[in-house]
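All of these numbers come straight from a predicted model, not from anything done at the bench. Letters A, B, ... mirror the listed sequences (proteins, then strands); counts begin at 1.
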2 protein chains.
Amino acid sequence: MQGVRFLGFDVFGTVVDWRTSVARELRPFLQRYGLAQLDPAAMADEWRGMYQPSMEPIRKGERGWTRLSVLHRENLQAVLRRHHLDPTLIPEAELADVTRAWERLDPWPDSVPGLTRLKSRFAIGTISNGNVSLMMWLARYGGLPWDVIAGAEPTRSYKPQPETYLGTAELLGLRPEECALVAAHNNDLKAAQACGFKTAFIPRPTEHGPGQTKDLRAEAAWDAVAEDLVDLAQRLGC
Amino acid sequence: MQGVRFLGFDVFGTVVDWRTSVARELRPFLQRYGLAQLDPAAMADEWRGMYQPSMEPIRKGERGWTRLSVLHRENLQAVLRRHHLDPTLIPEAELADVTRAWERLDPWPDSVPGLTRLKSRFAIGTISNGNVSLMMWLARYGGLPWDVIAGAEPTRSYKPQPETYLGTAELLGLRPEECALVAAHNNDLKAAQACGFKTAFIPRPTEHGPGQTKDLRAEAAWDAVAEDLVDLAQRLGC
């Protein structure tokens with residue numbers, strides 16, 4: 001990681017536990033609307049399952065730039081319809097609040113102590129597909145000590161498009177090799193590496209619940225591999 | 001300030017003491033290049049004096065979007081030429097380092113404690129004409145605990161253009177009246193107020209040195225007026 005000045009972090013899954021947190025937020029909502037028989041964690045998976053497909057038309061240029069918060073809201077409505085709940089019958093303020101579940105995701109236990117240590121030596125920030133306001137409220141909720149919010153919205157592109165990584169480096173006035181992506185997802189690291197970024201992998205083996213099968217380990221020779229963010233700080237001498 | 005969720009701060013002058021800090025950075029540089037007879041504080045004033053004029057062609061659309069760090073560099077070269085020092089004779093790395101003086105500005109003594117208290121109740125961020133990387137390194141240098149870096153670069157506009165304030169509110173998903181500008185400059189507050197922002201004034205009577213004549217007091221009925229950022233936190237119940 002020599003020469004690296006900025007560590008950019010994937011956020012959903014890598015820094016925060018979206019599945020448990022979204023399920024917790026969904027539970028009372030589902031109960032209120034007669035869907036108590038649904039498993040909130042499965043519902044969180046279903047909602048998150050529409051994440052990648054909903055960004056695809058934007059990546060392809062078939063749809064203009066649209067923030068993730070808007071996609072989250074559209075995807076929630078689609079999931080509700082799939083379960084025969086008409087979202088137009090739900091008060092606007094309540095739909096908006098449920099969508100903001102993505103601003104109330106718990107950090108993994110090592111995230112805040114690890115980031116705090118890493119920040120002593122590197123500038124740290126987000127390289128997430130989440131939009132700026134979502135990332136800002138999420139950081140305030142969990143106490144994530146970012147120096148900067150970068151990634152999708154400032155570059156108007158969605159990972160793994162090269163623009164998200166290269167545009168972040170450019171925004172920060174750095175060369176790609178002065179930046180590293182930290183992520184729990186091998187495909188994200190692969191895309192960053194192709195842009196000249198350094199790479200660091202940490203596993204999050206329960207991101208997708210107890211039966212997770214992918215991203216259980218580093219699948220390439222990333223520049224750093226650690227157990228979690230505290231271990232990464234240790235390995236990088238912070 | 002009822003209903004306000006985000007406090008956006010002017011930075012140069014309001015949060016950091018640019019004049020003393022830039023003078024400190026210029027002193028050894030001027031000595032090295034035979035300009036020790038110049039007063040570094042006067043030189044800092046001269047450099048800063050080109051700040052507003054250099055943004056003007058960009059505001060008018062006569063020049064494309066250009067980051068403040070680039071303008072700072074051009075303005076430094078112009079000031080040196082004015083004092084008969086040819087900047088092309090100076091090593092590139094040294095000119096770059098002197099330009100980065102703007103990333104090493106000391107916060108006023110009340111800034112970090114005040115911001116820390118204000119952050120307990122409000123989201124806080126920059127609404128500065130400084131670009132994102134400048135603001136990021138400056139925050140790291142002084143320990144400024146921003147939740148977000150907004151303002152000029154994310155909105156591709158320079159204050160007091162309405163786009164800088166309105167674009168920041170839009171980026172954060174807030175209505176203008178949910179945002180307040182905190183500044184030591186009456187004209188900045190006037191422009192923000194015209195956009196629907198709430199306003200808070202604090203005086204920085206030595207920003208321009210001992211002989212300062214402007215912005216010594218609130219010149220309009222701003223929503224809040226305080227002695228400094230700690231006093232503002234007190235008044236806002238933080």
Side-chain angles (χ1 to χ4, degrees), chain A residues 5-8 65-73 96-97 99-100 102-103 115-116 118-128 130-156 167-175 178-179, chain B residues 5-8 65-73 96-97 99-100 102-103 115-116 118-128 130-156 167-175 178-179:
Chain A
R5 300 184 66 200
F6 173 73
L7 300 180
W65 174 252
T66 309
R67 283 178 185 159
L68 188 63
S69 287
V70 173
L71 303 179
H72 273 156
R73 169 63 180 269
D97 185 62
T99 304
R100 280 195 299 270
W102 295 92
E103 299 175 1
L115 291 175
T116 303
L118 290 162
K119 182 171 171 151
S120 68
R121 190 167 152 195
F122 301 95
I124 62 170
T126 63
I127 303 186
S128 167
N131 48 295
V132 172
S133 74
L134 196 174
M135 286 291 122
M136 180 180 83
W137 295 116
L138 185 59
R140 285 183 61 82
Y141 174 82
L144 308 173
W146 305 126
D147 292 307
V148 71
I149 294 169
E153 192 171 20
T155 63
R156 292 191 159 236
T168 294
E170 206 269 334
L171 181 72
L172 303 181
L174 297 172
R175 297 187 304 276
E178 294 177 305
C179 303
Chain B
R5 300 184 66 200
F6 173 73
L7 301 180
W65 175 253
T66 309
R67 283 180 185 158
L68 188 63
S69 288
V70 173
L71 303 179
H72 274 156
R73 168 63 180 269
D97 186 61
T99 304
R100 280 196 298 270
W102 294 93
E103 300 175 0
L115 291 175
T116 302
L118 290 163
K119 182 173 172 149
S120 69
R121 189 166 152 195
F122 301 95
I124 62 169
T126 63
I127 302 185
S128 167
N131 49 295
V132 172
S133 74
L134 195 174
M135 285 292 121
M136 180 180 82
W137 296 116
L138 184 60
R140 285 184 61 81
Y141 174 83
L144 308 173
W146 305 126
D147 292 307
V148 71
I149 294 170
E153 191 172 20
T155 63
R156 291 190 159 239
T168 293
E170 205 270 334
L171 181 73
L172 302 181
L174 297 172
R175 297 188 303 275
E178 294 177 304
C179 302

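For the set A/Pro154, A/Pro145, A/Ala123, the entry with the most heavy-atom pairs within less than 4.5 Å of chain B is A/Ala123. Your options are B/Glu153, B/Met135, B/Lys119, B/Arg67, and the one with the most heavy-atom pairs under 4.5 Å with chain A is B/Arg67. For chain A, the option among B/Leu171, B/Leu172, B/Leu174 with the highest count of heavy-atom pairs below 4.5 Å is B/Leu171.
Neither the backbone nor the side chain of A/Arg156 comes within less than 4.5 Å of any heavy atom of chain B. Contact of A/Ala139 with chain B is not made at all, since no heavy-atom distance falls under 4.5 Å. Using a 4.5 Å cut-off between heavy atoms, A/Thr168 makes no contact with chain B at all. Within the 4.5 angstrom heavy-atom criterion, no atom of B/Thr155 approaches chain A. In this structure, chain A has a heavy atom under 4.5 Å from the side chain of B/Ile149, while its backbone stays farther away.
The minimum heavy-atom distance between A/Arg140 and B/Ile124, with the atom names listed, is NH1-N, 4.4 Å. Between A/Val148 and B/Met136, the shortest heavy-atom contact is CG1-SD, 3.5 Å. Taking every heavy atom of both residues into account, B/Gly173 and A/Ser133 meet most closely at N-CB, 4.3 Å.
Atom-to-atom distance recorded for A/Asp147:CG and B/Leu138:CG is 11.5 Å, nearest 0.5 angstrom.
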